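Atoms considered below: every heavy atom in the structure, side chains included; atoms not considered: hydrogens, waters and symmetry mates. Predicted, not measured: the structure shown is a model, and the values here were computed from it.
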Amino acid sequence: MSLARTLGIGLTGLAGQLIEIEADVGNGIPAFILLGLPDAALNESRERIRSAARNSGIPLPNRRLTLNLSPATLHKRGSGFDLALVVAALAADRSISPPAHVVYLAELGLDGSLRPVPGVLPAVLAAVRAGVRDVVVAEANRAEAELVAGARVRAYAHLSQVLGDCGADPLALRYRARHDSPARRDPAGPGGQTPGSLDLTDVVGQTQGRYALEVAAAGGHHLLFTGPPGAGKTMLAQRLPGLLPDLDDAQAIETTAVYSLAAGAQPISALVRRPPFEAPHHSASMVALIGGGSGIPRPGAASRAHRGVLFLDEAPEFSSSALDALRQPLESGVLTLHRAAGTASYPARFQLLLAANPCPCGRNLGKGTECTCTPMARRRYLARLSGPLLDRIDMQLFVPQLSSRELAGRGGGESSAVVAARVAEARVQARDRLKRWGIGTNSEVPGSLLRNDLRLVSATLAGLNRAAESLRLSARGHDRVLRIAWTIADLNSHACPTAEDVDVAIQLRQHGKGDVG
């Protein structure tokens with residue numbers, strides 16, 4: 001009887017745990033026994049491993065082979081354990097002598113080729129944090145694994161290369177994979193939907209809508225556009241990512257880790273530096289929006305939009321349950337999904353951007369004489385945007401229909417680059433003010449801070465106090481007005497909000513109309 005051990009990484013959400021793979025070759029009826037709560041994909045690895053080892057020149061022993069993934073109480077999933085399993089099995093048979101304290105992450109093809117697996121970035125991060133710096137991955141995952149500081153990455157295209165470096169007899173290795181790397185593709189960003197070439201100069205009119213976008217970008221605020229069809233709500237919303245600054249190192253690592261897990265086996269060659277933009281169709285289910293599925297929950301659109309924008313066009317067409325499921329991550333910035341197979345937590349600090357018509361037909365404007373919807377249809381349509389959800393939206397703005405004269409004119413407004421420069425300056429001012437509390441944007445400032453260290457004088461708050469009574473603002477709504485006011489002050493280079501800044505914030509909060517300047 002002979003024993004051997006190798007290491008792999010088990011992912012639960014973005015949290016990784018070191019998995020010890022124990023292999024035992026013993027006497028008895030030949031068999032391949034896999035223990036440690038493997039899922040279906042991992043159970044199928046037995047046949048992949050047999051074929052890959054044979055086609056690499058060193059077949060598995062025709063004896064009783066037992067492989068155990070420890071800790072045995074943790075569910076293991078996916079094909080990323082293939083390489084660790086075959087190395088452990090051949091080491092137990094004394095066909096190779098692999099080095100100790102190395103993590104193996106790759107799927108095996110039947111011909112012995114090493115194939116990329118999802119989640120390599122969070123897996124390598126977990127290995128380094130657990131004190132194991134040496135990692136072996138498929139060649140297609142090399143660039144992604146090398147994004148982790150402190151990791152010593154070795155990448156191979158074929159199992160025979162791995163076995164050769166583990167001391168296998170060169171004469172036994174009948175096939176040596178070519179060393180040229182497969183073509184790599186740069187990620188297009190989460191969802192591949194980031195509108196990189198869309199510019200604010202394309203937008204005709206809509207002065208207040210443009211200003212609301214600028215405030216949202218500067219403070220990280222959530223925003224709802226309502227208005228008739230064709231007024232420009234979607235056009236405005238799609239230009240928000242172009243106003244946001246690049247992600248810093250920590251944010252880029254978080255975002256790329258989610259993308260690594262959600263993108264399947266698509267290789268990643270660089271950190272995602274631009275804020276992601278996710279725009280799911282209104283037929284998306286709750287699972288598609290917030291994550292879930294069978295087994296360990298997978299990330300949804302809300303997590304893929306982490307540190308970016310989640311845009312829900314035709315928001316009232318989404319199911320009420322899916323929309324209300326966003327209430328918790330809007331407050332905490334984290335999505336924790338509970339399933340029978342385990343609990344997974346994903347970051348979900350996104351900007352929520354909603355667009356809605358005033359009714360199903362879109363003509364319920366003014367006196368509503370052109371509207372063809374029944375009162376019940378209008379109530380049912382708008383009721384899908386529940387009060388608690390709307391209370392969490394910082395700014396709620398009406399986008400009016402443009403006149404024929406306005407449509408005949410040119411855009412001519414400021415470009416996204418000019419507005420983005422002001423947004424960057426405002427974010428620097430906010431970051432300098434908030435850094436001692438570990439906060440990056442005004443939208444993240446807690447209410448306790450607004451009422452203590454960042455409390456405004458009574459004269460400045462007079463307008464807000466009157467509005468709170470007349471508009472029946474909740475405590476959450478009151479705090480959100482103050483956060484918007486701080487962002488407006490940053491854009492105006494004010495040391496703290498003025499009474500005028502607070503008044504503009506109230507207008508943006510409550511479907512204000514007219515120009516803001």
Side-chain angles (χ1 to χ4, degrees), residues 188-247 272-279 305 307-314 350-357 394-430 441 484 487-488 490-493 504 507-508 511-517:
Q193 298 178 24
T194 302
S197 59
L198 302 181
D199 198 280
L200 273 177
T201 54
D202 301 330
V203 178
V204 177
Q206 304 300 0
T207 306
Q208 192 174 40
R210 294 167 59 100
Y211 183 74
L213 279 185
E214 182 175 344
V215 175
H221 302 292
H222 310 303
L223 176 59
L224 165 65
F225 284 136
T226 59
K233 304 184 296 296
T234 302
M235 176 177 278
L236 284 166
Q238 290 174 337
R239 282 147 181 80
L240 178 56
L243 308 183
L244 300 175
D246 288 345
L247 305 179
V272 177
R273 289 290 183 180
R274 290 299 303 151
F277 181 79
E278 287 288 326
R307 298 297 180 184
V309 178
L310 177 63
F311 174 45
L312 303 185
D313 202 2
E314 305 294 345
F350 54 86
Q351 282 185 253
L352 182 60
L353 190 51
L354 306 175
N357 294 326
D394 301 84
M395 296 182 288
Q396 302 171 20
L397 201 73
F398 181 82
V399 180
Q401 183 72 52
L402 295 176
S403 66
S404 57
R405 178 175 296 180
E406 289 173 313
L407 288 173
R410 297 179 179 179
E414 291 179 319
S415 68
S416 292
V418 172
V419 177
R422 285 202 300 269
V423 167
E425 292 175 2
R427 286 214 173 195
V428 169
Q429 185 168 329
T441 59
I484 299 169
T487 299
I488 294 170
D490 291 333
L491 287 169
N492 294 332
S493 299
V504 174
Q507 186 184 19
L508 291 174
H511 292 270
K513 296 184 180 181
D515 290 342
V516 178

Next item on the list: Locate the shortest heavy-atom distance separating Thr201 from Ser415; write the atom from each residue and the value.
Entry: CG2-CA, 3.5 Å
Next item on the list: Heavy atoms only: give me the nearest Pro245-Val423 pair and the separation to one decimal.
Entry: CD-CG1, 4.4 Å
Notebook entry, point to check: If you round to the nearest 0.5 Å, how far is CG of Leu198 from CG of Leu240?
Noted result: 11.5 Å
Notebook entry, point to check: For the residue pair Asn357 and Pro228, what are the closest heavy atoms and their distance?
Noted result: OD1-C, 4.0 Å
Check: Would you say the side-chain atoms of Gln206 pair up with the backbone N or O of Ala231, donor to acceptor, closer than 3.5 Å?
Finding: yes
Note to self: Using modelled atom types and a 3.5 Å cut-off, is there a donor and acceptor pairing between side-chain atoms of Arg273 and backbone atoms of Leu247?
What the structure shows: yes
Next item on the list: Could you tell me whether a side-chain N or O of His222 sits under 3.5 Å from a main-chain N or O of Leu352, the two making a donor and an acceptor?
Entry: yes
Check: Hey, does the side chain of Arg274 reach the backbone of Pro241 with a donor-acceptor pair shorter than 3.5 angstrom?
Finding: yes
Item checked: Under 3.5 Å side-chain donor-acceptor pair for Thr234 and Asp313 -> yes
Checklist line | Value rounded to 0.5 Å, distance of CG in Leu244 from CZ in Arg239 | finding: 14.0 Å
Next item on the list: Look at the side chain of Gln351 and the backbone N and O of Phe311, then say whether any donor-acceptor pair between them is shorter than 3.5 Å.
Entry: no
Notebook entry, point to check: Are Gln507 and Gln208 side-chain neighbours, meaning at least one heavy-atom pair lies under 4.5 Å?
Noted result: yes
Check: Do the non-hydrogen side-chain atoms of Val309 and Pro275 ever get within less than 4.5 Å of each other?
Finding: no
Margin query: Working note: Ile484 + Val215, criterion side chain to side chain contact (heavy atoms under 4.5 Å, CB included); need CA distance, chi angles, decisive distance, verdict.
Written below: CA-CA 8 Å; Ile484 299 169; Val215 175; 4.1 Å; yes
Notebook entry, point to check: Short question: side chain of Lys233, backbone of Val399 - any donor-acceptor pair under 3.5 Å?
Noted result: no
Next item on the list: Go through Glu414 and Arg210 one step at a time and tell me if the salt bridge (Lys or Arg N to Asp or Glu O under 4.0 Å) criterion holds.
Entry: CA-CA 9 Å; Glu414 291 179 319; Arg210 294 167 59 100; 5.1 Å; no
Note to self: Looking at every non-hydrogen atom in both residues, tell me the closest pair between Gly242 and Ala420 and how far apart they are.
What the structure shows: O-CB, 3.9 Å
Note to self: Does any part of the side chain of Arg427, heavy atoms only, come nearer than 4.5 Å to the side chain of Thr441, both counted from C-beta?
What the structure shows: yes
Notebook entry, point to check: Which one of Leu243, Asp199, Leu213 satisfies the side-chain contact (heavy atoms from CB on, under 4.5 Å) criterion with Val419?
Noted result: Leu243
Next item on the list: Could you please spell out the steps behind the side chain to side chain contact (heavy atoms under 4.5 Å, CB included) verdict for Thr487 and His221?
Entry: CA-CA 9 Å; Thr487 299; His221 302 292; 2.7 Å; yes
Check: Roughly how far, to the nearest 0.5 Å, is the CD atom of Glu278 from the CG atom of Leu310?
Finding: 7.5 Å
Next item on the list: Report yes or no: does Ser416 contribute a side-chain atom to a donor-acceptor pair with the main-chain N or O of Leu200 at less than 3.5 Å?
Entry: yes
Check: Does Leu397 reach the side chain of Leu508, with side-chain heavy atoms less than 4.5 Å apart?
Finding: yes
Next item on the list: Please tell me if the side chains of Phe225 and Leu236 come closer than 4.5 Å, counting only heavy atoms from C-beta onward.
Entry: yes
Notebook entry, point to check: Between Phe398 and Leu224, is a side chain to side chain contact (heavy atoms under 4.5 Å, CB included) present by the stated rule, with each step listed?
Noted result: CA-CA 8 Å; Phe398 181 82; Leu224 165 65; over 6 Å; no
